[in-house]
Undergrad: 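Let me begin by handing over the structure; questions about it come next.
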Amino acid sequence: NAGRKKIALIGSGMIGGTLAHLAAKKEMGDIVLFDIAEGMPQGKALDLSQCGPVEGFDAKITGSNDYADIAGADVVIVTAGVPRKPGMSRDDLLGINLKVMKAVGEGIKNNCPDAFVICITNPLDAMVWALREFSGLPHNKVVGMAGVLDSARFATFLAWEFGCSVKDVNAFVLGGHGDTMVPVKSYTTINGIPVDDYAKIKGVSASRIDEIVDRTRKGGGEIVGLLGNGSAYYAPATSAISMAEAYIGDQKRILPCASYVEGKYGLDGLYVGVPTVIGAGGTEEVVEIELSDEEKANLKVSTDAVEELLEACKGLDSSLA
Ligand code: A3D
């Protein structure tokens, strides 16, 4: 769009509403909240519009139940579907959310095929793959948000442990967005100081760092258990917004995202969390970093789990096979 950007949010629940608020505050463009629930996206749009005079933002925010209203969107962020309840794994959502991805993919294909699409719906690595298949968009224009969030969780816990500023922690998580995700210590630094070195300086034991890695892996479940009715939404929303900003601003940021990997990391055509350059071309490049043997083995466990989910998707919807 020549004038203001148009941002379509498919799913106007907890993450969708938070996305709308953040995008409006940052004046990223005009915002359409879409949902199948009637009235709810319209109600949230009114409520959020009325933040404008207080917060001083110019953004037109509308709610809709009609895919025609996402026409020409520059960025689409997808949270449609159901979240986890306590005791559920992300994979338990597969059957329900796969059907949702089909409807959403068709809505995007028919109304805004030139958009940059960021998927958040779980199980993430399988849903972003399915959404790409159903929408028919090029692989570089469909990406999944997980790594920015998982890395932020890792960074938060490390900053707490070291008593340092979160601004100085650069944490790195690879692999699928599940309990097999791979927090990569060798690329995690405290203002450039490798995390293991800094741990020695601060007298933090290796086993304590391992506990933090484990807490990161289970970071989503910890919040699901505490909330009792739904999953995290503030940090997932702000993570997706950083990806959208990288695209709109052609920032060429290197962010860990669920990107389509073909060839690199020994992978053959699946979506999984890898460092990715995001700019005006969408996901412009997957960066292949050196990994230790242990990290490689962990990544393999994680990608095997993603592959299993893709097989399950193909079993549920024959158009994917
Ligand atoms: P929630 O507040 O339930 O919002 C989901 C919305 O989707 C609801 O308003 C539904 O009405 C709507 N919806 C359902 N079906 C459709 C459809 N066919 N078309 C359009 N809208 C539909 O959930 P939430 O916002 O908390 O979470 C959304 C998704 O994000 C869930 O699948 C979560 O598991 C997932 N999630 C992912 C991460 C990652 O890091 C990848 C983190 C947190 C949550």
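Note that this is a predicted model, so its numbers are computed, not measured. For ligands, and for the atoms within them, numbers begin at 1 and follow the listed sequence.
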Undergrad: Tabulation required: pairs of a nitrogen or oxygen in ligand 1 and a protein nitrogen or oxygen under 3.5 Å; columns are atom names and distance to 0.1 Å; otherwise 'none'.
TA:
residue, atom, partner, partner atom, Å
ligand 1, 2 (O), Met14, N, 2.8
ligand 1, 7 (O), Gly81, N, 3.2
ligand 1, 7 (O), Gly81, O, 3.4
ligand 1, 9 (O), Asp35, OD2, 2.7
ligand 1, 11 (O), Asp35, OD1, 2.6
ligand 1, 25 (O), Met14, N, 3.4
ligand 1, 25 (O), Ile15, N, 2.9
ligand 1, 32 (O), Val82, O, 2.9
ligand 1, 32 (O), Asn122, N, 3.3
ligand 1, 34 (O), Asn122, ND2, 3.1
ligand 1, 36 (N), Asn122, ND2, 3.3
ligand 1, 40 (O), His177, NE2, 3.1

Undergrad: Report, one line per pair, each donor and acceptor closer than 3.5 Å where one atom sits in a side chain of residues 231-242; sequence neighbours left out.
TA:
residue, atom, partner, partner atom, Å
Ser239, OG, Ala235, O, 2.7
Ser242, OG, Ser239, O, 2.7

Undergrad: Show, in sequence, the C-alpha distance, side-chain angles and deciding distance for Met101 and Val78, and conclude whether the side chain to side chain contact (heavy atoms under 4.5 Å, CB included) test is met.
TA: CA-CA 9 Å; Met101 290 306 103; Val78 178; 3.9 Å; yes
Undergrad: In a table with atom names and distances, give each donor-acceptor pair under 3.5 Å that connects a side chain of residues 274-290 to protein atoms at least two apart or in another chain.
TA:
residue, atom, partner, partner atom, Å
Thr276, OG1, Ser259, OG, 2.7
Thr276, OG1, Val274, O, 2.8
Thr283, OG1, Asn140, O, 3.3
Glu284, OE1, Lys252, NZ, 3.0
Glu284, OE2, Lys252, NZ, 3.1
Glu284, OE2, Ala280, N, 3.2
Glu284, OE2, Gly281, N, 2.8
Glu288, OE2, Tyr265, N, 2.8

Undergrad: Please say whether more than 12 non-hydrogen atoms of neighbouring residues, nucleotides or ligands are located less than 6.0 Å from NZ in Lys200.
TA: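 No, the 6.0 Å shell around NZ holds no more than 12 heavy atoms from other groups.
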Undergrad: Under a 4.0 Å threshold between the charged nitrogen and the carboxylate oxygen, would Lys109 count as salt-bridged to Glu106?
TA: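 Answer for the salt bridge query: no.
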Undergrad: If you group Ile, Leu, Val, Met, Phe, Trp and Tyr whenever their side-chain heavy atoms sit less than 4.5 Å apart, what else falls in with Leu124?
TA: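 Cluster partners of Leu124: none, it stands alone.
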